[in-house]
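What follows is one structure encoded as structure tokens, with my remarks underneath.
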Amino acid sequence: MGVVLSLEQVTKEFSGRKVVDSLACQVREGEVLGMLGHNGAGKTTTIRCILGIIRPDSGSVLFHLGQKGQLSRALVGYLPEERGLYKKQKVLDILLYLAKLKDYPVARARDRAREYLQKFNLADWERRKTEELSKGMAQKVQFIAAVLHEPKLVILDEPFSGLDPVSQELFKEEIRNLAARGAAVILSSHQMHLVEEVCDRILFLDRGRTVLSGELQQIKEQFAEFRCEITGDNRLVDFAALKIVRQVKQENGRTVVYLQKGVAPADFFRSLPEGVEIKELNLNRVSLHEIYLQVAGGGGKHEA
Amino acid sequence: MKHSLTVAAWEIKKIVNKSFLLSLLLTPALILMFTVLPGLLGQMAAERQIRLYVVDELGVYQSLVKELEGSNIIPLLYMGERADLENSVRKEKDTAYIVLSPLVMTTRQVAVKTTNEGLLDMTVMQSSLQRVLRQYELAKYGLSPEIIANLETPFSVSTVSLAIGDAVSPMRNIVLGIFVGIMFFVASTTGMLIMQSALTEKRDRLAEVLLSSVSAGSVMLGKILGCLVPSLLQAFLWVVSGLLFARFYYDLTVWHYLLDPRMPLLLFFLSGGYLFFSAMFISLGATMDDPMQASNYQGVVMMTPYLPFLFMGSVIADPNGLVARLGSYFPLTTAGVMLTRLVVADTVILTDIALSGVLLLATTALMVWAAGKIFQTGFLLYGKEATPLEIIRWLRS
């Protein structure tokens with residue numbers, strides 16, 4: 001898979017505060033890169049630097065599409081976090097206008113727009129004004145606008161926010177389709193459970209810096225420990241004394257036990273002290289969210 | 001440029017909707033209606049005849065009849081009882097009476113008695129009685145009718161141009177003045193339209209989508225061009241309506257006055273002024289979040305196109321005077337003042353035209369550059385108004 005975009009030591013400051021700090025990464029065709037971080041981690045600023053909307057103070061953003069090194073806006077699709085539509089204009093007209101700004105042939109844009117509207121159950125709305133659409137419908141139209149012109153690089157900033165579960169599934173499927181057709185996708189979100197299901201690689205940002213990056217599977221293997229959640233009154237049970245336990249959290253009759261790396265769940269169950277009350281039990285791998293809290297809290301840089 | 005034209009076409013599509021087309025046709029119709037209607041109503045009122053009973057103790061009745069000839073006031077000499085006269089005026093419609101006695105000559109007052117105060121055209125009454133009573137007074141001093149007639153003839157004062165070439169017809173200047181006025185109005189309303197367009201896109205969170213597709217400069221240029229087209233269409237319709245109105249209502253053919261040799265210069269200052277203020281307004285729109293919450297400095301900026309009106313009187317009175325020349329060299333008023341000078345003056349100092357033209361080009365280029373910087377950053381600033389300090393920082397960056 002060829003590299004579509006490289007970021008080299010990109011730094012951006014606002015009022016003396018580094019919002020993006022020496023960020024370096026690559027995005028390859030056919031992959032979905034998850035750019036994760038809490039609010040203010042620097043995701044949107046990084047995206048704006050990539051799109052040339054703002055200029056980085058130092059470092060470089062290199063495109064390997066079209067004219068080498070130069071951003072070709074026509075080959076990039078973008079769904080911003082702060083999104084909107086022309087309220088008084090018709091759905092199809094807006095889609096065609098935005099495709100035209102991307103130098104995409106109008107006739108082809110019309111055909112593709114109709115296909116997408118059909119797929120997203122919006123076929124009856126193409127001649128309606130967008131002020132008549134529900135929030136979810138408008139978000140689907142915005143998504144279509146971002147991908148209608150067959151971009152080689154698609155940047156989706158918080159695409160799932162405000163969507164119902166059915167629409168979230170639809171978006172996830174479409175994101176996978178985009179990657180399958182060879183587009184490089186950057187997915188920025190703080191809804192990590194959703195990102196986990198579609199991303200190939202992950203870039204964790206915290207205060208503008210990369211705190212963890214790598215293949216999703218490798219990250220999961222690196223942070224492969226299990227977590228066991230036990231419901232019951234176990235205030236007097238000393239789980240932390242067990243050598244195979246890394247961390248214990250107890251709250252409101254619920255105990256979450258994090259096992260050491262490489263420990264099998266069966267070993268944990270065998271080593272449980274007598275008198276443990278188990279009303280309910282859940283055993284899972286550590287989630288991306290918990291990995292993020294772990295690495296962002298640590299502040300260091302990790303490579304998977 | 002291609003993207004700017006796409007943005008411009010979209011702006012036109014946004015503006016030219018049913019309500020725009022309706023207002024496009026209705027506005028000149030309403031203006032014409034309000035111009036014609038008072039005249040028609042006045043004409044209808046003038047056709048109504050008013051009987052004016054005159055109690056004449058001075059012997060001026062015949063002179064008054066002569067003075068009121070052609071008006072809708074019919075003087076009738078009354079010789080009967082005053083009480084009967086008052087009763088009949090109270091009862092009869094469209095009647096009034098006056099008493100012209102020696103007392104009038106000392107009190108200098110004539111009372112027109114009627115039950116309907118708006119009945120008589122008092123301007124006609126005032127001028128007619130003024131002349132009749134003055135002639136009566138002058139005759140009392142022993143002046144002959146010839147001398148009185150001579151005294152009554154007013155002196156006429158007018159200017160005679162010594163400029164080389166044909167004297168400029170006043171009608172030509174009036175027509176050009178109306179044309180420039182319409183274009184100036186259109187340019188300033190278009191500026192507001194552009195500001196509104198930028199503000200709406202920013203408020204509707206479309207800024208990032210647009211700037212990820214085209215450069216800020218292309219968006220700006222597209223808006224400036226796109227908003228201009230419907231406004232020019234509007235101006236064209238107004239000018240054509242005005243020419244037709246002049247032709248068919250006043251029987252005046254004036255279109256050829258628009259082919260005046262000053263027209264290229266007028267169009268230059270109009271275009272420069274439009275570009276200067278539209279760049280200013282688009283950047284202003286990008287710094288605002290809600291026009292209703294516009295801060296003081298934004299309000300002041302919105303008033304700047306109307307600055308020339310503050311000293312328009314002085315410029316018209318002396319188009320080559322100090323105020324006019326200073327106004328021509330102040331960037332915010334250059335276009336407005338030069339347009340006024342070119343219309344009202346027979347000749348404008350050539351160096352003023354050349355230097356103010358260069359100044360307009362330079363300040364417009366500077367304004368477009370500054371607007372580009374402000375627009376690029378301000379357009380992405382959601383949920384807050386930009387402060388002057390922030391704007392200065394953007395310009396320096």
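In the text below, chain A, chain B and the rest are named by the order of the sequence lines, each starting its count at 1.
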[X] side, atom [atom1]; [Y] side, atom [atom2] - distance, nearest 0.5 Å:
{"X": "B:Ser212", "Y": "A:Ile50", "atom1": "OG", "atom2": "CD1", "answer": "12.0 Å"}
{"X": "B:Lys13", "Y": "A:Tyr86", "atom1": "NZ", "atom2": "OH", "answer": "12.5 Å"}
{"X": "A:Leu98", "Y": "B:Thr6", "atom1": "CG", "atom2": "OG1", "answer": "11.0 Å"}

Check your understanding: Applying a criterion of heavy atom separation less than 4.5 Å, what residues of residues 214-229 of chain B form contacts with chain A?
Key ->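 B:Val214, B:Ser215 fall under the 4.5 Å cut-off.
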Close side-chain approach of [X] to [Y], heavy-atom, < 4.5 Å:
{"X": "A:Tyr78", "Y": "B:Val209", "value": "no"}
{"X": "B:Val7", "Y": "A:Leu101", "value": "yes"}
{"X": "A:Glu81", "Y": "B:Glu208", "value": "no"}
{"X": "B:Trp10", "Y": "A:Lys100", "value": "no"}
{"X": "B:Lys2", "Y": "A:Asp103", "value": "yes"}
{"X": "A:His149", "Y": "B:Ser213", "value": "no"}

Point to revise | Between B:Thr200, B:Asn17, B:Leu211, the one whose heavy-atom pairs under 4.5 Å with chain A are most numerous | key: B:Leu211
In terms of heavy-atom proximity below 4.5 Å to chain B, should [X] be classed as side chain, backbone, both, or neither?
{"X": "A:Leu85", "result": "backbone"}
{"X": "A:Ile94", "result": "both"}
{"X": "A:Arg55", "result": "neither"}
{"X": "A:Lys88", "result": "neither"}

**Study point:** Which of A:Pro80, A:Ala74, A:Gly77 touches chain B most, by non-hydrogen pairs under 4.5 Å
**Key:**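 Highest number of pairs under 4.5 Å: A:Pro80.
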Taking atom [atom1] of [X] as the centre, report whether more than 12 heavy atoms of other residues, nucleotides or ligands fall under 6.0 Å from it.
{"X": "A:Lys129", "atom1": "NZ", "answer": "no"}
{"X": "A:Phe14", "atom1": "CZ", "answer": "yes"}
{"X": "A:Glu132", "atom1": "CD", "answer": "yes"}
{"X": "A:Arg209", "atom1": "CZ", "answer": "no"}
{"X": "A:Lys152", "atom1": "NZ", "answer": "no"}
{"X": "A:Lys90", "atom1": "NZ", "answer": "no"}

